[in-house]
Each structure stands twice: as structure tokens, then as C-alpha cells.
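These notes concern the structure reproduced below.
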Protein chains: 2
Amino acid sequence: MDTHYISKITSFYHAHKRMPTYSEIAALLGFRSKNAVYKLVQKLVDEGIVDKDKSGRLLPRRLESELPLLGLVKAGFPSPAEEELRDSMNLEDFLIEKKESSYLLEVDGDSMIDAHIAKGDLVIAERSEKASDGDIVIAEVDGEWTMKYFRDRGGKVWLEPANKQYKPIYPTEGLRIAAIVKGVIRKY
Amino acid sequence: MDTHYISKITSFYHAHKRMPTYSEIAALLGFRSKNAVYKLVQKLVDEGIVDKDKSGRLLPRRLESELPLLGLVKAGFPSPAEEELRDSMNLEDFLIEKKESSYLLEVDGDSMIDAHIAKGDLVIAERSEKASDGDIVIAEVDGEWTMKYFRDRGGKVWLEPANKQYKPIYPTEGLRIAAIVKGVIRKY
DNA sequence: AGTATAGGTGAACAATCGTTCACCTGTCAA
DNA sequence: TTGACAGGTGAACGATTGTTCACCTATACT
């Protein structure tokens, strides 16, 4: 169908970081009239693939940067035909709630290895001075920065590594929490 | 400085999924003249925060969806002042090389736990029928789908779990590889 | 006091935007 | 054979685009 048109528009969007104008789509698809594009766009809007401004400009929707989410590994593997039906999601929106106060940190050391956070991984940290029991936090304790589990049992707080080789840290003079770890990403 | 302006423009970009026009920026920042915006934009371009089309339209650059990358956890924690200097990156571009052939899978089971891929994690899988020794693959072997290490020693291939409780799988009749795992993401 | 200079106003410019119109094909069904 | 219709052309529309101009402040520095 027009899946070929969509992929061309998607390419443009990713290359130029904005949606094409009607003239540009015409050039892209080989149309000589903007009206041909206009009618095509109407259909794409009806299908929920793109959106329109109130001023008519195109906005990405399905094609933005979403990845198909195909289900559990163990549950079997969907055929290409099934894929259309499944959910899809935007990585960025999924991982990061507060863009302004989030940042990435590269992990060094193995103190959180039992939580399956390994050296070389990137963690998504969200600035916060408060944490709840069980959170993984980036904190400064006694002048040094580390990533540990935050423990709070009835007001008594300490930091606990996820590695039996290390001991919990009971802060002597103040514990400064800088951020809470909200996610982990790893690339092969 | 103009960091306040930038955050307003960033908000618009994330809310509307496109960059604002000059008139819209004027309304956004309380300017009554587009020329004030024009001069402001020139500075932002010089600072490398936004880009311009050849037709003058604004393009996102720094503010797109990039997260600051602040260095190693262990190496200490940068002060807010230092943050400006550090690198930044786009999660989507970083994790996914081939958008068209990538998809997400939720992990079930613990057969890759020693590779620090746990139940509930999402893996980024890239469609491929070939794999190299050491790759983590999604494969169908003897009618069942699993995620395992792919082993290839001189033409003899098998699948190896990252969990001592499970045994390697030596495919009897054909091994069908569907995808190679390119990344792992986990959300707390 | 004088004078640069950064930063804002307001009006105008050609160019391009999305939209609409009438019109011209093919294709398919009745 | 006829009619309906999806899909394309080409020209025109008002609106809005980015840009440029002359001009008006304040503030800061000789």
C-alpha cells in the first residue's frame, strides 16, 4: 500500500529532524502537484500515522521514533504478520519522566552487580535529595560518590551495596543524596 | 543568561513535537517583535544550541532529547557548574542503529541472568539471520524460542545460556536465528 | 557629558506555506 | 457502454513564513 510512502517520509523526518512540507513530500514521492500530497496526507491522518497542526503543518505520530514491542521472549516469537497488532513505544518517553532533571552516568566498579548493574552500563539518574527505602541512589558519603541501595528503617538510614564483597555504609556525618537511579541501559 | 529562554523553547518542542516559528517564540517569551526573536536565534545558533534550515526554519540540536552524560559514578560527581562542559547524547540514536529492523522484547525467565539480563528487562533486538560467536541472539531451536549466547567454534554452532543451572543447546535439526540483541534497558 | 552597544519595537519584503478549485485520466462494476 | 470514483495535474488563494530595515531605548564605559 502506502507503506512505501510512509518510510520515505520517516526517513526525511529522521534525517532532517522535522516533518517535510507538502512541496517536499511531492518531490520526495515524485508527485508534481501538492494536491496529490494533500489527499495522501488526509489518509495518513485518518489512519493515525501523522498528525496535523491547527495551521496544517505535519506532526509525527506513529513514525516518530517508536519501536515495536513484540512480547515476551519466552512466550514465543511473533510472526511478521502479528507484529502490526502489537504495542509500540517511544524509548525516550518510556525511560525518562523528567527530562530537565535527568542525566546519564557511566557505571564503574561492581558494587551493584547483584542488582545486575554492571561496569560500563549507563544509568539514568534523576536529581533528587530524598529517597525511599529500596531506591538505588547516587550519593556522597564521607566525601566520596557511590551508587548504592538506599535503606531507611524507621529513620535510621544507610547505604547498601548489591555485592556481598562490600559492606554497607553507615554514614557518620551526613549523607548527601544527589539522584535516584530510574533506569539502566546497556549496549552491545 | 538565556537558559530560561531555552527551556521555554524546549518545552514547546516536546509538547508540539516540532520547533516553534519566530512568531510563536515571540509569544512564548513575551516579545512583541519577531526581530527580537531573530537576534536571539542567531545567538543560539552560534552557541550550537539550535540549527537552521537553509530556508530558515529552526531545528533542534542540543535540546532535542539529549541527556547530559556526566561521567563515571565512581570518579566523583560533577558539580552543576561542570555539567555544561560534559558530553550529551541522544538515547534513541545511541541505542538503535537500524530503526527499521529493530524491536523490543520483554525478557522472561532467568537463562541470561549471568549476563545481567533479568526478567522484566527489555532487550533491543535487531533482525538478522546471521550471528557471530559471542552474540546474544533470539533464536528458534527445535520449535521453541529463546535468548542465548550464540557459539560458533569452527563451524560447530550451539546456544549457551548465561546461567549454570541450564545446559547448552546443541540444535539437532536446524537453528533459526531471528535477531541479535543489541542492548538492554531496565526501568525502576 | 558624550557615546558605543546590546536588546527591543514596528513595519515592510518576497517567498513559501497549506488549502481549494476545476479538470484530466485510468480502472472497475453494473 | 455507461457511470462512479480513486488518484493525479496545474493554477490560484490568503495567510504565514523568515528576513531586513530604520528607529527607539536603557545601561555601561570612557
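Labels below follow one simple rule: chain letters A, B, ... track the order of the sequence lines, proteins then strands, and each chain is numbered from 1. Computed from heavy atoms alone, side chains included, the values below leave out hydrogens, waters and symmetry copies.
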Per-nt protein contacts along nucleotides 8-19 of chain C (heavy atom under 4.0 Å; B base, S backbone sugar-phosphate only, - none) come out as BBB------SBB
So, using side-chain hydrogen bond (donor to acceptor under 3.5 Å, both in side chains) as the criterion, who are the partners of [X] when residues are at least two apart?
X      : answer
B:E160 : B:R151, B:W158
A:D121 : A:R186
A:D51  : A:R61

Ring pair (Phe, Tyr, Trp, His ring centres under 6.0 Å) partners of B:F12, counting only residues at least two apart:
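In terms of ring pair (Phe, Tyr, Trp, His ring centres under 6.0 Å), with neighbours along the sequence ignored, B:F12 is linked to B:H16.
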salt_bridge(A:D110, A:K119) N-O dist < 4.0 Å:
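No, A:D110 and A:K119 are not salt-bridged.
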B:E24/B:R18 salt bridge by N-O under 4.0 Å criterion:
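So B:R18 pairs with B:E24 through a salt bridge.
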How far does CG of B:L59 sit from NZ of A:K17, to the nearest 0.5 angstrom?
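It is 8.5 Å, given to the nearest 0.5 Å.
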Produce the list of close N/O pairs, under 3.5 Å, pairing protein atoms with atoms of nucleotides 26-28 of chain D; give distances to one decimal.
none

